[in-house]
Amino acid sequence: MGKGFYISKPVGVLAVILGAGAVATIIALSVVYSQEKEKNINNNVSPTNEATTAPVTTTAPSNEPWDKYRLPKSLVPQSYKVTLWPRLTPDENGLYIFSGESTVEFECVEDTDLILIHSNKLNYNEQPNKHLAQLTALGGADAPSITESRLEPVTQYMVLRLGANLVKGSRYSLHTVFTGELADDLGGFYRSEYVEDGKTKVVATTQMQPTDARKAFPCFDEPALKATFNITLLHDNNTVALSNGRQLESGPFQQDDKWILRTVFEETPRMSTYLLAFIVSEFDYINNTVDDVLIRIFARKSAIAANQGEYALNKTGLILQFFEDYYNISYPLLKSDQIALPDFNAGAMENWGLITYRETALLYDPSFSSNSNKERVATIIAHELAHMVQFWFLLSIPVKCFRDAFSSGKKYLTFTVLELKDTKDLIVLNDVHRVFAIDALTSSHPLSSREEDIQKPAQISELFDAISYSKGASVLRMLSDFLTEDVFKAGLTSYLTKFKFGNAVYTDLWDHLQMAVNSSSLRLNNSVAEIMNTWVLQMGFPVVTINTTTGQVSQEHFLLDRDSDVTPSPLGYKWIVPINWMKNGTKQSATQWLQDKSATIDAMKTTEWVLANNNVTGYYRVNYDEANWERLLAVLGSNHERIPVINRAQLVDDAFNLARAKIISTELALRTTLYLKNERDYMPWESAINNLDFFYLMFDRSDVYGPLQVYLREQVRPLFEHYTNITRNWTTVPVGHMDQYTQVNTLSLACRTGLEQCQDLTTRWFSEWMNDNTKWIHPNLRLTVYCNAIAAGGDREWDFAWGKFQNSTIASEAEKLRSALACTKQPWLLNRYLEYTLDPQKIRKQDATSTIVYIANNVVGQSLVWDFVRARWSYIFTHASALTGTEVDLSPFPNLINGVTKRFSTAFELQQLQQFREDNAEVGFGSGALALNQSIERTEANIKWISENKPNVLQWLEQETKAY
C-alpha cells in the first residue's frame, strides 16, 4: 500500500509508545512460549453412519507420552491440506455435523515409533489399513506400518503406534477422514445461529484459540509448531465460503450425489493453528480497494443493507495505511476480510487475513450506536490489525499474550489518528489505573514468570489477565517515554528486522533498544535491561513519596493491605524509577532516576507546589508530605486548570488508593473531590466516579449511603445544570468526544444520586418511547435512560425493554437493553433474568456471564446472584458451555467470581466465600482459582477498611452536607 498518510509528531510519539506492540506481551509470557491448554473433556461427538468410533482409553494418567499435555519434540509439521464440508441443516439425529479429510506432511527430527497428533471430539473413518489414519513416506521410501491406533480424550490425542521407527530427517504424510459436530459451543469449528426474514439461519465458523483447531481436524495444535495450510471448503449453493487466504477457485462440485460448491483458497504462510479461520454463511458484504488491497466487511444481510458495516470499511484502510507508514512496510496480503458473527465468545480474533468479531465490535449504526460504540469499533479494528504488525515480522511468535499489550495501546493511538486528538490519554484510565488495582494485591504476579511455576493449563490461563495486557502496555509506555521517540523507534525497528519470521524473547528487545541508546546522544546510568528487569521480573509497583520540606524522595512496594504477607522478591521490591515532575506548574526538563530506596533531589526542596509523574507516563503512584498535599488541594480549589487534566485524574486516583493503603487519611482523599463542582473535563470526573464506586460498594447497604448520595448529588448538580444549558435542555449532544462522555457521566451520576430533574427526565423519555416508538433518545444517553427508567418502574417497563431486546436487530442497541434490564429493583424480575441466562434461546451463550455480572452490580441483585452461583457452581463449572460457551479453563470464571464478590465486606460474607472455596475444592475453579483467592484477600481488606474508616467517612460527609 502507498504512503501519503501524514502522522504528526505527537502521534508519532504515541506510535512509539504503542509500537512496542509485538513485544509487550513477549515480556508477559515468554516463559509459556509454546505451552498449550489442557481440556479435561471426555465426551466425543456422537457417532454417525459416516464414521467409526475409535477405541478410547479411560485409565488413569501415567508417565507415557500420550498422558502428557505437551507434544513430544520428535515430529515437526510442514504443511496441511484440509477439506471440510459443514452441514447447515441437522441430520436425522438433530445434529449439525461436518465431514472432512486432512493430510499433514511432517518431518521426523528424532527417531520415534510413536505419532501423537491432537484430536478432540472427532470421529474417524477406517483407512485401508483398518486404522484411524494412513501413513505415507515421502521421497519413495516405505513407511512403517501402524500397529495400533486409538484416541486419548483426556489429553486429546490420536495415538498411533508403529511397527518400526520413523527416521530422523525423513518426511512423511498422515491422511485421515473424519466427522465432527458443528456444535454451538463457540469453540473450534462451531455453529452460530440468527433469525432473518423469520427464518433461522446457520453460520459455520471458527474460533481456534487457544487450542481448538484440533476440534476441526487432527493437527499438531501447539502454537510453536507452525505450518502452511491449504484449505478447501464444500458448501451449499446459496452460501459464501471464506478462509485466511484469497479464493483461488470456486465452482459446482458433486459430492454424495449432491451438487454443491467447492471453494479452494490460496496457501497460508507458515503460522500457528490458532490463527486459522474458515467460515460458511449466507452473509453479504461491502468492499473497497485501497492501494490494491481488497477490504471486505461481512455481516448478516440485513445489517449490510442497513449500512452498519460502512464505518468499519471506511476506517480499515486508514488504519492499514497508518501502520504501513509508521513501520515502513507493506501489508503482505491482497485482501483483508472482517466478519461480524452473531455468536462469538471473544471480542475479536486476529486470524490471518480473516478477522472475526462480535457484532458489537464491528457494526456501527449512527442512529443506534453511541460515541462509545464508535470508539469500540475503531479501537478493536485497530487492535486486531495491530496484531498484523507482529505477523508481518514475527510470524513465529506463538502465544497471543505476546501481542496484546502492544495492541491494547495501539488501539488508542489509531482512534486518536482517525477520529479525535484527545483520546490517546484514555490508556491511563482504562489500562494504568485498571491494572494498578490488581497489581497492588499480594496475589498479583510478575509480567514474566518462571516456566517451572507455570505447568497446569489453568495457571497459563490465569496469566492472560490485566497484568499481562494492561501492565505490559503501561511499562512499555513508560519505557518509550524515557528513551524518547527516536531511540525507541530505532531499537524496535532493529529488533523486528532482526527476528523477521523468527523466534524472539523479551530480552532480545532489551538488547536492541540498548544498541539504539548506544548509537544516540541519550545517556542512562543503567542499561535498558537493568531498568526494565525491575519492572518485569517482580510483581507490583512502587509508591514514590516526595518530601518537599527536605527534598527526600523514597520508594516502597505499594500494597492495598500493607500488613499482608507478600512473596519475597529477589530484587527486594526496589525499582529503577524515572521521575519527571513539575514545580508550580512548570515542567522540569530532566528525568531524575530513583535507583535506591531513597535519595535526595535538591530541586524538590521547595515551598511551591510540586506534582510528579507528568502525564502519568510512569508506572507508579505518588505521595507527598502533608504541606505539599495542602498546596495541591489549594490549587485544585482555586485554579484547577493549572494542573494538567490527566494529572488531575491522577491526583484523585492516587489519593483514594493511598488512603485505602492507610498511607494518607481517607478524609484527605475525599477532599480531592471538593473541587469537582467546578470541573468540566471527563478524565478527572471518571477517575473520581471510579474511586467513589468503591464507597458505593462498601456503603450502599449502610447508613453512610444517605449522606454519600447527598454529597455527590450536590457535587454533580452544577455539571448537570451546565449540560442542561449547553445542550438546550438535553436535546443535543456536545461536539467533543470526551465532552460527550462527560455528558453521559453527568446524567448517570445525577440520576444515581437522586437528582429529581434527572430522574424526571429519564422516566419521561422512557414513558414517551413506550407510548410512541418513533420517539428518539440519543444513542449516547440510552443506556442511562433505560437503566434509570427500569429501576424506577416495575414489570411493565421491564417487559417492554425485554421485548425490545428480543426484537433488536442492532447489536449495540441489544447490548444497552441487556445491561439495563439488570437495573430493576424488583427481586423477582432479577431472579427471572438470572434463570434466562441458562437458556441460550433467551440470552446468547457469549453473553451469559456478563449478564450475571450486570445483575450482581445491582445492590438488590448481588445476594441473588451469590445464591445462584453457589447453588449451581458444580453445574456451571463442569458444564461451562451451558453458561459461557467455553471450556472450563477459559476467562469467564475470573470475571464471574470477581463480579459477584466485589461488594463483600462483612465477616459473614468472608466466611461464606471461604466455605464456597472449601465446598467446591473437588469440583475446582479452573482459571477462576486466582480470582477466588483475590476475592478472599479483597474481602478481608474491605472488612478492615470499613472498620477503620466508616465513622470518619460518615462524619466527614455529614459535615460537608450540613448546608444542603
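Values below: every heavy atom of this structure, side chains too, minus hydrogens, waters and symmetry copies. Sequence positions, counted from 1, serve as the residue numbers for this chain. As the structure is a computational prediction, the values presented were derived from the model and not from experiment.
- Among residues two or more places apart in sequence or in another chain, the side chain to side chain contact (heavy atoms under 4.5 Å, CB included) test is passed with Leu261 by His235, Asn237.
- Residues satisfying the ring-ring contact (aromatic ring centres under 6.0 Å, His included) criterion with Phe265, sequence neighbours excluded, are absent altogether.
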What's the verdict on side-chain contact (heavy atoms from CB on, under 4.5 Å) for Val240 and Val280, showing C-alpha distance, side-chain angles and the deciding distance?
CA-CA 6 Å; Val240 60; Val280 173; over 6 Å; no

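- Nearest heavy atom pair, residue Pro77 against residue Phe106, reads CA-CB, 3.8 Å.
- Within the 4.5 Å cutoff, the side chain of Thr179 has no heavy atoms near those of the Phe98 side chain.
- Under the 3.5 Å distance criterion, the side-chain polar atoms of Thr155 are matched with a main-chain donor or acceptor of Trp66.
- Between Phe178 and Pro218 there is a side-chain heavy-atom pair separated by less than 4.5 Å.
- Asp284 meets the salt bridge (charged side-chain N to carboxylate O under 4.0 Å, His left out) test with no other residue; sequence neighbours excluded.
- Distance check, rounded to the nearest 0.5 Å: CZ of Arg70 to CG of Leu116 gives 13.0 Å.
- Two residues are said to be in side-chain contact when any heavy atoms from C-beta on lie closer than 4.5 Å; Thr176 and Met158 meet this criterion.
- Considering Thr83, Leu233, Leu234 as possible partners of Arg262, the one that fulfils the side chain to side chain contact (heavy atoms under 4.5 Å, CB included) test is Leu234.
- Counting only heavy atoms from C-beta outward, the side chains of Leu135 and Pro144 approach each other to under 4.5 Å.
- Looking at Thr316 and Ile381, their side chains come closer than 4.5 Å, going by heavy atoms from C-beta outward.
- In this structure, the separation between CG on Asn244 and OG1 on Thr206 is 8.0 Å, given to the nearest 0.5 Å.
- Applying the side chain to side chain contact (heavy atoms under 4.5 Å, CB included) rule to Asp111 yields the partners Asn165, Lys168; only residues at least two apart in sequence or on another chain are considered.
- The ring-ring contact (aromatic ring centres under 6.0 Å, His included) search around Phe298 returns Tyr285, not counting sequence neighbours.
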Practice problem: Could you walk me through whether Lys471 and Asp431 pass the salt bridge (Lys or Arg N to Asp or Glu O under 4.0 Å) test, one step at a time? | Solution: CA-CA 7 Å; Lys471 183 175 181 178; Asp431 284 283; over 6 Å; no

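- Ring centers of Phe220 and His118: at least 6.0 Å apart, outside the cut-off.
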Exercise for review: Just do the side-chain contact (heavy atoms from CB on, under 4.5 Å) check on Ile279 and Val203 with the steps written out, would you?
Suggested key: CA-CA 7 Å; Ile279 301 171; Val203 180; 3.9 Å; yes

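- The residue from Phe229, Phe189, Tyr190, Trp352 that alone fulfils the ring-ring contact (aromatic ring centres under 6.0 Å, His included) condition with Phe278 is Phe189.
- Defined by atom type and a distance below 3.5 Å, a donor-acceptor pair is missing between the side-chain atoms of Arg300 and Ser281.
- For the atom pair CD (Glu359) and CD1 (Ile339), the distance works out to 10.0 Å, reported to the nearest 0.5 Å.
- No option in Asn288, Asp337, Thr289 other than Asp337 meets the side chain to side chain donor-acceptor pair (under 3.5 Å) test with Arg296.
- We find that Arg191 and Asp343 are not joined by a salt bridge, their nearest charged nitrogen and carboxylate oxygen being 4.0 Å or further apart.
- Under the rule for a ring-ring contact (aromatic ring centres under 6.0 Å, His included), the partners of Phe217 that lie at least two apart in sequence or sit in another chain are Tyr80.
- Taking a cutoff of 4.0 Å between a charged side-chain nitrogen and a carboxylate oxygen, Glu105 and Arg171 qualify as a salt bridge.
- With contacts defined as side-chain heavy-atom distances shorter than 4.5 Å, the pair Val377/Tyr357 does not qualify.
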